[in-house]
Amino acid sequence: MKQTYYPQEIEKKWMKYWDDNKVFKTENNSDKPKYYALSMFPYPSGKLHMGHVRNYTITDVIARFKKANGFNVLHPIGWDSFGLPAENAAMKHNADPEKWTDENISYMTQQLKMLGLSYDWDREVTTCKPDYYKWTQWIFLQLYKKGLVYKKEAAVNWCPDCGTVLANEQVIDGKCWRCDSEVEKKYLSQWFVKITEYADELLKDLDLLTGWGDNVKTMQSNWIGKSHGAIFRFPVIDAPSGEKMEVPVYTTRPDTVHGITYLVVAPEYKDIEKLTTAENKQAVEEYRANARKMSEIERLSTDRTKTGVPLGTHCKNPFTGETFPLWTADYALVEYGTGAVMAVPTHDTRDFDFAKKYSLPMKVVIQNPQNPSNCETEAYTEEGVLINSNEFNGMKNTEAKKAITQKAVDEGFGEFKTQYRLRDWLISRQRYWGAPIPVVYCDKCGIQPVPEDQLPVLLPKDVDFSVVGKSPITTSPTFKDTVCPVCGGHATREMDTMDTFICSSWYYLRYADANNDKECFNKDIVNKWLPVDQYVGGIEHAILHLLYSRFFTKALRDCGLLDFDEPFKNLLTQGMVLKDGSKMSKSKGNTVDPDEIFENYGADTARLFILSDSPPARDFDWSDAGVEGCYKFLNRVWRLVATNAENINLNYQLSSQLAKDNDDLVRAVHMSIKGITNDITNEFQFNTVISKYRELVNAIYDWQNLKMRSCGAACGSKTAGNEHSTAAVVTEAGAQGTEQSLIAQADNSYLTDEDKNVLSFAIISMLKLMSPVAVYLTEEAWHELGGEGSIHDQPWCKWDENLAKSSSITLVVQINGKVKDKIEVDAEISKEDMEKQALNSEKIKALTDGKTVVKVIVVPGKLVNIVVK
RNA sequence: GCUCCAGUGGCGGAAUCGGUAGACGCGUUGGACUUAAAAUCCAAUCGGGCGUAUAACCCGGUGCCAGUUCAAGUCUGGCCUGGAGCACCA
């Protein structure tokens, strides 16, 4: 075995070996229990970044740990390979996005292999390949058949830079999630997926997700935004046309209905023109035009003072008989509720601001009896008792909500209503590089789905990527015209492609049965592998991908394609990789290229470091010194094995009676096995796992130093050369027992047979424990020591509970809760002896002298606390 | 404004049940080895008492203020600070 660690050499060798021999292939059939470990698959942007390295290393270690613990592990990878960057790159260089994507995939595949990830590459899925998107289209058709996909004209989010519409979830602070440009409103006819039909189940089932962090669940719950309230319909008394009209409103505060002093409709409200008088028409039109012009950001800003104009018409409040004016104001949103708001300025801060500005009347209807408020300076939004509310006076407002709504129900002008903030998912994209939406528009028969036997609808190749302002797909001379599957007449194809989040909403199902060309996946196989036991990925998908995937699972379940309710049992959202306190990004120029780390230190160092300093869920601060430290540690591990290779026997025998120092080392190993196993099992605390690796390695070195020292004393000084050409001498000063002196003892003649057995046990255990992280080093060492097969097929180490603790403990003696003395005692000491020893300590005697011992608390195996007065 | 998370040395972070605060590492300092360096190894490293050193000892200390307890980084209540998410959703 070479005395020096050359990671580049051994890593290249094993990478090729594992790849050629498909070492990590997973069979669907096995007697072992299944375990599905999944990383969020990457977009093939060109190169891996450190976020990927962190994500995939975490999942890989989990997969390897589970495999060693007897599970049949599914650990797949693939490519979320449709999307804008490919198309933009193609436009820039007038090339084919497929070629760009393929090149990126092949480069990144090499990087993933280099990183030593234990993927079953036979299950690789690539969403932009026809053998995958055929099934994406097929699933679209199933949802269409079920009525979960529909087309409608709506105000949609338009990103001018990307030249396409976006889903609500893809608009962050009024900006496009991908390119950060300001989103505009457009009225377009678009395809939607009815995610709202599952709003309630998506919310309710969050409770089933005990393996998810509360932060993600809260975000989803807020996004779904369920609220309970009522719909009231207010008759219009003076509609200009003389028509009998009513304005329905949704409110969560039916208890305040007697306090309405005006009503607001959104500028885009559908009946607004019919509700505007001739005198007010011009002002209303101007206001609406202005609202249209305004950007989303401007409009949604809560800092902006509210504006609005009266329509000139009025409604009657059926509860009071009072009439109140109608206004339009842009603080009412057309997409939410009914697009109209009943305004109660006394009990709603927004209505209050608006009423103040336009001097609208106010009427107090809820009061805290202990501390009544006239609502002159601010709205009272807390609980209280009703006043000025006819027969409801004196009722608690929480009860009045129900009673008042019930009255509206009984009298026919209202109902109970549950409302969601969640909107349907807009999935049309006016772009080329996505899965074509499989429908045609027949001149006679209208919208017709493409028959399943005609799938996939392939992306045309004869397109011009240099066009500006429209989708390249529209330039294809062959794509557009087709025949109607119903009447055989002329039809045109849908030119829009699907949101790539559709593709990524079912890829984790495809992995279970990735090469099936008869169906999207076999139901039994998917039921066997799913749900995913551990999903690992970035928090940025807390809503987008994770909500869509949950929806897909439920929808596909209802299509009869699978039998479970939730796709991801446990979710680990890993923190960001930072450099100098901020997120690594090209624009900040603080990125670290994984290739450079592989080249300079090797993949094992990269893996070790990315796990070492922070727990997975927290942000990770990259430091070059930290990498260096990990590299040094692996060198230290290597030297430990290399210098002892001669003395390590894979078939070591441990006797039950060992010399004290040997017993201590054996115990240290058992403690490491226990600690490391527990740390991985509990929340994947890899940072402490790595601390424990270091502790174990330190313990083995310390043991060796001890052996050396006793030998140095017994057999005198020795010198010897070695590969480092550092000939060292064991001198009295060197009673420090330096590592050189150990290396110098190349013949290791100072070790007894018992020593060698203990050392073998320690080093073999160390290698097995480290094998999920330092995958290459441990494999190489395993073989150098004569190990058969792969160390990655070895079962996980077991510990003996009796040996997983040290033979002595430090008894802590406190007086009134403060540590005053520490005594080394036997680990098996009785409670009585603990107390006796503590009270007999000279220090304690001195300190308690002349005081009264009130109480003595003994915590077995830990401490004694003496309470004195 | 609402929701969630976090606050521990110079830094990253440890600390199953409330039971020795600061594991492990980085950095720094000193030392061994070397002609010298690199590498490696050994030691020290929360603050104060304590500006000669060494050893020993004492006191304080986990964002702040209270509380529970023999005992609080850990539990309870109230604040402060930072981060993330949502945000005119009626």
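Chain letters run A, B, ... following the sequence lines, proteins first, then strands; residues in each count from 1. Hydrogens, waters and symmetry mates play no part in the numbers below; they use all other heavy atoms, side chains included.
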Original post:
Considering only the C1' atoms, how many Å lie between B/G13 and B/A71, rounded to the nearest integer?
Top reply: 26 Å
Original post:
Using Watson-Crick and G-U wobble pairs with both distances under 3.5 Å, what is the 5'-to-3' dot-bracket string of RNA chain B, with [ ] for crossing pairs and | for pairs outside the strand?
Top reply: (((((((..(((......[....)))((((((.......))))))((((.......))))..(((((..]....))))))))))))....
Original post:
What does A/S227 touch in the nucleic acid at a heavy-atom separation under 4.0 angstrom: a base, only the sugar-phosphate, or nothing?
Top reply: sugar-phosphate
Original post:
Which residue pairs pass the side chain to side chain donor-acceptor pair (under 3.5 Å) test when at least one of the two sits in residues 623-632 of chain A, sequence neighbours left out?
Top reply: A/Y601-A/E628, A/W622-A/D624
Subject >> For A/R288, all residues meeting side chain to side chain donor-acceptor pair (under 3.5 Å), sequence neighbours excluded >> reply: A/E273, A/E285
**OP:** Name the closest nucleotide to the A/K820 side chain, picking from B/U40, B/A90, B/C59.
**Re:** B/C59
**OP:** Applying side chain to side chain donor-acceptor pair (under 3.5 Å), name anything that partners A/T810, two or more places apart in sequence or on another chain.
**Re:** A/E824
Subject >> Among B/A90, B/G12, B/C24, the nucleotide that comes nearest once only the side chain of A/D348 is considered >> reply: B/A90
Original post:
So what does A/K217 hit on the nucleic acid, given a heavy-atom distance under 4.0 Å: a base, only sugar-phosphate, or nothing?
Top reply: nothing
**OP:** Starting at the 5' end of nucleotides 1-10 of chain B, put B wherever the base has a protein heavy atom under 4.0 Å, S where only the sugar-phosphate does, and a dash everywhere else.
**Re:** --SS------
**OP:** Report the residues that fulfil salt bridge (charged side-chain N to carboxylate O under 4.0 Å, His left out) with A/D200, sequence neighbours left out, ordered by chain and then residue number.
**Re:** A/K226
**OP:** Hey, which sits more toward the 5' end of RNA chain B by its nearest nucleotide, A/M219 or A/N816?
**Re:** A/N816
Subject >> Results of salt bridge (charged side-chain N to carboxylate O under 4.0 Å, His left out) for A/K417 - residues two or more places apart only >> reply: none
Original post:
Just how far, in rounded Å, is C1' of B/G13 from NZ of A/K692?
Top reply: 13 Å
Original post:
Under 3.5 Å, is there an N or O donor on one side and an acceptor on the other linking the side chain of A/K855 and the base of B/C70?
Top reply: no
**OP:** Tell me, please, which residues at least two apart from A/Q170 pass side chain to side chain donor-acceptor pair (under 3.5 Å).
**Re:** A/R429, A/D499
Original post:
Of all the choices, B/A90, B/G12, B/A14, which nucleotide is nearest to the side chain of A/S614 once you look at every atom?
Top reply: B/G12
Original post:
Excluding sequence neighbours, so at least two apart, what forms side chain to side chain contact (heavy atoms under 4.5 Å, CB included) with A/P325?
Top reply: A/Y262, A/H314, A/W327
**OP:** Indicate yes or no: does A/E378 engage A/K356 in a salt bridge with an N to O separation below 4.0 Å.
**Re:** no
**OP:** Please name all residues satisfying side chain to side chain donor-acceptor pair (under 3.5 Å) with A/W223, sequence neighbours left out, ordered by chain then number.
**Re:** A/E169
Original post:
Sequence neighbours excluded, which residues qualify as salt bridge (charged side-chain N to carboxylate O under 4.0 Å, His left out) partners of A/R292?
Top reply: none
**OP:** Counting heavy atoms from C-beta on, name the nucleotide in B/C88, B/C24, B/C26 closest to the side chain of A/R694.
**Re:** B/C24
**OP:** Using a 4.0 Å heavy-atom cut-off, write out nucleotides 16-23 of chain B from 5' to 3' as B (base contacted by protein), S (sugar-phosphate only) or - (no contact).
**Re:** ---BBS-B
Original post:
For A/Y250 and A/D619, take the nucleotide of RNA chain B holding the closest heavy atom to each; which residue's nucleotide lies nearer the 5' end?
Top reply: A/D619
Original post:
Within less than 4.0 Å of OP1 or OP2 of B/C86, is there a side-chain N or O belonging to A/R421?
Top reply: no
